[in-house]
There are 2 protein chains.
Amino acid sequence: MLHTTRQRLISTAMQLFHEKGYTSTSVADLLKAADVSSGSLYNFFPGKRELLLAVLEVYRNRMRETLLDPAWRGVSDPIEKIFRLLETYREMLVETDGIYACPVGSLALELHAPDPTIRDQLGAYFTAWTDAIHGCLIEAGSRLRVSVDRLGLAEFVLTTMEGAVMQARTFRDVGYFDRAVDHLRNYFDLLLYDRAALPAHVRQALPGR
Amino acid sequence: MLHTTRQRLISTAMQLFHEKGYTSTSVADLLKAADVSSGSLYNFFPGKRELLLAVLEVYRNRMRETLLDPAWRGVSDPIEKIFRLLETYREMLVETDGIYACPVGSLALELHAPDPTIRDQLGAYFTAWTDAIHGCLIEAGSRLRVSVDRLGLAEFVLTTMEGAVMQARTFRDVGYFDRAVDHLRNYFDLLLYDRAALPAHVRQALPGR
DNA sequence: GTCTATAAAAGGATAGAC
DNA sequence: GTCTATCCTTTTATAGAC
């Protein structure tokens with residue numbers, strides 16, 4: 001199932017679009033890397049654009065099993081899950097010498113005027129990512145101050161990740177990523193009711209759950 | 001001075017590289033938009049790459065007068081300056097229907113494997129931007145808790161801006177930008193020693209100065 | 001410095017045999 | 001489904017007259 005020509009084209013495209021970008025990856029590049037002939041590609045896809053759509057669909061549909069499940073294996077604390085996910089991106093940066101981390105983010109900024117279908121796919125990916133974080137924040141329940149907009153905060157986690165990746169990539173230095181995550185962690189610490197850590201009299205002064 | 005062919009080429013390239021991206025802007029596009037003939041372009045620049053370098057140099061060298069000075073006109077409070085700058089990016093998003101905001105950030109993610117010279121220019125721009133914010137944070141002095149790493153926080157402002165622009169652009173919705181800035185503002189409020197303005201429960205939970 | 005014409009290569013996509 | 005050969009367009013860049 002994983003070795004069909006179609007699958008090989010998609011996984012090759014995932015790799016090359018991430019490494020070189022969509023525009024800088026030529027059809028010839030794809031054919032050579034996937035060891036597929038021109039006729040085969042156009043047998044499965046109307047063109048390069050539709051191959052990109054297939055790639056984006058895979059990223060979104062398999063986010064749970066390829067990204068979230070591995071990152072969250074053995075982790076139950078919902079806040080910790082959030083920072084484990086960011087740690088996953090950090091590892092991607094380190095493994096690729098500070099170059100690759102979020103393939104969809106790169107594509108989103110590369111494609112300046114994508115058609116609505118492409119944009120919908122990019123947006124759907126971001127929304128799915130944010131929803132996963134949102135789930136963690138809901139799970140955190142009363143540990144998070146009631147006044148905090150949970151969906152907005154989930155978006156802010158994505159904001160931090162994407163902005164941090166951009167800088168780390170530009171400088172080829174994961175330190176930029178780390179310092180951004182440090183500040184996000186600090187922000188979370190300030191937002192969390194870690195009631196047990198507070199002195200009893202302060203704890204009692206806090207508003208109810 | 002501003003009307004030489006060379007200047008016209010650079011300003012046209014600034015515009016097109018921002019709107020369409022570097023790769024998707026062809027030399028023919030540039031020639032047509034700048035109303036310049038091929039021979040003239042190659043008289044001033046060895047090629048398209050060097051034109052990009054000239055563009056990046058302008059962005060960096062004129063950051064103060066074209067970006068910071070207008071944003072900070074009439075503003076003296078250093079923390080307010082930071083959020084005025086972000087407001088400038090918001091306005092760019094609104095004026096372009098959520099498409100354009102930070103030209104250098106877009107280029108940084110579009111160019112996956114730029115040569116060292118290009119990367120240096122991109123990094124230098126980010127550094128100059130961050131330095132400006134860093135200056136505000138230093139100016140804020142004791143209002144900011146001493147434990148806060150000011151340079152890291154300045155980078156975090158850039159992180160937020162770039163990540164927020166990416167999402168706003170993808171969704172063509174400035175709301176994504178606004179919510180990110182709201183959280184950054186909230187974070188700043190928690191970091192600032194304007195204790196009287198803090199919510200009571202936070203005030204109580206904070207360590208003594 | 002600027003012009004037109006054009007080279008030389010790379011781009012996406014197609015045709016038609018197997 | 002896959003193959004080779006090829007079409008047509010666009011690309012960056014150059015040549016040489018003015």
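Labels below follow one simple rule: chain letters A, B, ... track the order of the sequence lines, proteins then strands, and each chain is numbered from 1. This one's a predicted model, so the numbers in the text were calculated from it and none came from an experiment. Side-chain atoms are counted along with the backbone in the values below, which use heavy atoms only and exclude waters and symmetry mates.
- If you walk DNA chain C from 5' to 3' and mark each nucleotide with an atom closer than 4.0 Å to a heavy atom of chain A, the marks span C/dG11 to C/dT14.
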Go ahead and write out DNA chain D as dot-bracket, 5' to 3': ( ) for pairs within the strand, [ ] for ones crossing earlier pairs, | when the partner sits on another strand, dots for unpaired; Watson-Crick or G-U wobble, both distances under 3.5 Å.
|||||||.||||||||||

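- A side-chain donor-acceptor contact under 3.5 Å links A/Arg169 and A/Ser106.
- Remark: the B/Ser26 side chain and the B/Asp29 side chain contain an N/O donor-acceptor pair separated by less than 3.5 Å.
- Between B/Tyr42 and D/dT14 there is no side-chain N or O to OP1 or OP2 distance below 4.0 Å.
- Two residues, B/Thr5 and A/Asp29, neighbour DNA chain C, and the one matched to the more 5' nucleotide by heavy-atom proximity is B/Thr5.
- Taking the ring centre of A/Tyr176 as origin, the terminal cationic atom of A/Arg179 falls inside the region bounded by 6.0 Å and 45° from the ring axis.
- Within the model, atoms CG of A/Leu184 and NE2 of B/His183 stand 10.5 Å from one another, a figure rounded to the nearest 0.5 Å.
- Of the charged side-chain nitrogens involved, none lies within less than 4.0 Å of a carboxylate oxygen, so that A/Asp35 and A/Arg8 do not count as a salt-bridged pair.
- Looking at heavy-atom distances under 4.0 Å, B/Gly39 makes contact with a base.
- Rounded to an integer number of Å, the gap from CG of B/Leu31 to P of D/dT12 is 9 Å.
- As a whole-Å value, the separation of B/Lys48 NZ from D/dT14 C1' is 17 Å.
- The CD1 atom of A/Ile79 sits 5.0 Å away from the CG atom of A/Leu192 when rounded to the nearest 0.5 Å.
- Base contact: A/Ser38 has a heavy atom under 4.0 Å from a base atom.
- Within 4.0 Å of A/Ser26, counting heavy atoms only, lie sugar-phosphate atoms of the nucleic acid but no base atom.
- Within 4.0 Å of B/Ser24, counting heavy atoms only, lies no atom of the nucleic acid at all.
- Atom P of nucleotide D/dT11 and atom OH of B/Tyr22 are separated by 13 Å, given to the nearest angstrom.
- Ring centers of B/Phe83 and B/Phe188: under 6.0 Å apart, within the cut-off.
- Heavy atoms from other residues, nucleotides or ligands lying under 6.0 Å from NZ of B/Lys20 number more than 12.
- Inter-residue side-chain proximity for A/Leu191 and B/Leu190 is flagged as met; some heavy-atom pair is nearer than 4.5 Å.
- B/Thr23 comes within 4.0 angstrom of nothing in the nucleic acid, heavy atoms only.
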